[in-house]
Number of protein chains: 2
Amino acid sequence: MTQSHDFLDRAPSLADTLAHRLRQEIAAGRMRPGERLPTEQQISERYGVSRPTVREAIGRLKHDGLVVTRQGAGAFIAEPGALAVFRLDVEDFTNRDEIRNIVELLMAVEATATELAAQRRGEEDLAAIQAQLDAMQAAIDRGEPGVDEDMAFHRAIVDATGNPFFRDLSDFLDRRVRHFIRTARANTARMGGLTQAVQAEHQAIFDMIAKADPVGARRAAETHLRNAAERLSLYFAK
Amino acid sequence: MTQSHDFLDRAPSLADTLAHRLRQEIAAGRMRPGERLPTEQQISERYGVSRPTVREAIGRLKHDGLVVTRQGAGAFIAEPGALAVFRLDVEDFTNRDEIRNIVELLMAVEATATELAAQRRGEEDLAAIQAQLDAMQAAIDRGEPGVDEDMAFHRAIVDATGNPFFRDLSDFLDRRVRHFIRTARANTARMGGLTQAVQAEHQAIFDMIAKADPVGARRAAETHLRNAAERLSLYFAK
DNA sequence: ATTTGCTACTTGTCAGGCAACTTGGTTATC
DNA sequence: GATAACCAAGTTGCCTGACAAGTAGCAAAT
């Protein structure tokens, strides 16, 4: 009943491969910004696919802001400086190096976010953070691991920065790391008893934010993240 | 000859608007992860567009990792934890708040990148960074502003981290900020004479990286970025 | 020399259809 | 009766062909 998604055998669609090839040609500098792409007809003949498929491929590039199309005129390569969307692709999310790199970026973002939060948090921000801290304590008291509460705590902090980019990026990276843990945990032994240590670190972070001490908040966040990364590295041991 | 692209009048295509609506419905929680979307036929009838248009819209969502399609089975909403691609959309890149937020994120990423670079840089990394530093000095001596060399210098540093995510994100944010400056500069007076001050800050950063002093490197980078942000704020004054 | 209008070309959208694949039920077999 | 093979309906992937909307360049007219 429960199908275990196997992502491995997913054959890439024609449009996907074509989009990839076009992307490569642009990245390789074979085509300069402002230049016009071949017409859909020409691309279609050149790669031996139909025009709808070409349209789909170009649609992806357009969606990513790499090309701009104008009806009647053609498709043009966008100025790289005007790029309005950033794509962070995690190709192989079981790769340990990739996870390590993600964790590194997450640490950078979250440490700075905590610093900013200590600097700017209003009273309602502080109340929201404390509410999540309490919720996590309640979960611990109930004997639950409280992963959702943990996530909500961090979420409340990055929210307090008032910078949506911090929030979205942190959210994405956090999800990725937790997803990795969840899948890795299925293969290794369950670990417990650490939640109280985590909570103590959370408390330290909260205190610094409450004190409006940016430097101390950053230091507390860095300590927490370093410890978290160390706990995570247990999964790498195999 | 040089056409000034006006992005304003770009009428969103049917597929774009449909993709936007579907995205909203998913974001609003009207559809749960794992759930199946209506068939292309149904969506086509429901929104009064043809199936190719629906395919194009779903293709965008698929490309962003929001949905997963299986031939013969249908399209399913992806698990948010398994999201493999992150999109950072800069909707209005003349908005000052948005630029401010981008600069803030750039500062966080680049400061940490500089710290990591000081920690890990090999001899060849150091040589590459110095080469860009020298190139910038040469540009200054020639009386040029050396914006390309400036960018290359920072690029060499983030390269030294060995973390491609840092490199790509920093690259994107850097481009965005410089693009904003370039367009803003067209309306305000040209400013010069600051390049030597910038170069001095670069030299300080380089020295710390050469000394393999992560703490000092971060501090030097933060100083440089803070100053850069201040210079940038001149454009906000209007 | 400038403007107007026309024509070829390109993208946007549609209609219809076939192949590949999935799913669930049905039938045949043991 | 349980199990396995099979089949048919439904869905996505991809194609052909066509028309509408918009653009750009050229030619003719003023």
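Remember, it's a predicted structure, so these values are computed and weren't measured experimentally. Residue numbers start from 1 in every chain, and the chains themselves are labelled A, B, ... in the order their sequence lines are given, proteins ahead of strands.
Aromatic ring pairs are classed by plane angle as parallel below 30°, tilted from 30° to 60° and perpendicular above 60°; the pair His224(B) and His154(B) is parallel.
Using a 4.0 Å cut-off between a side-chain N of Lys or Arg and a carboxylate O of Asp or Glu, Arg60(B) and Glu56(B) qualify as a salt bridge.
Remark: Asp171(A) pairs with Arg155(A), Arg175(A) by the salt bridge (charged side-chain N to carboxylate O under 4.0 Å, His left out) rule, at least two apart or across chains.
Using a 4.0 Å cut-off, no side-chain N or O of Thr53(A) falls inside it from OP1 or OP2 of dG13(D).
Under the 3.5 Å distance criterion, the side-chain polar atoms of Asn163(A) are matched with a main-chain donor or acceptor of Phe165(A).
Enclosure of atom CZ in Arg142(B) by more than 12 non-hydrogen atoms of other residues, nucleotides or ligands within 6.0 angstrom is indicated.
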Could you write nucleotides 4-12 of chain C as a row of B, S and -, 5' to 3', where a protein heavy atom under 4.0 Å of any base atom gives B, of only sugar-phosphate atoms gives S, and otherwise -?
------BBB

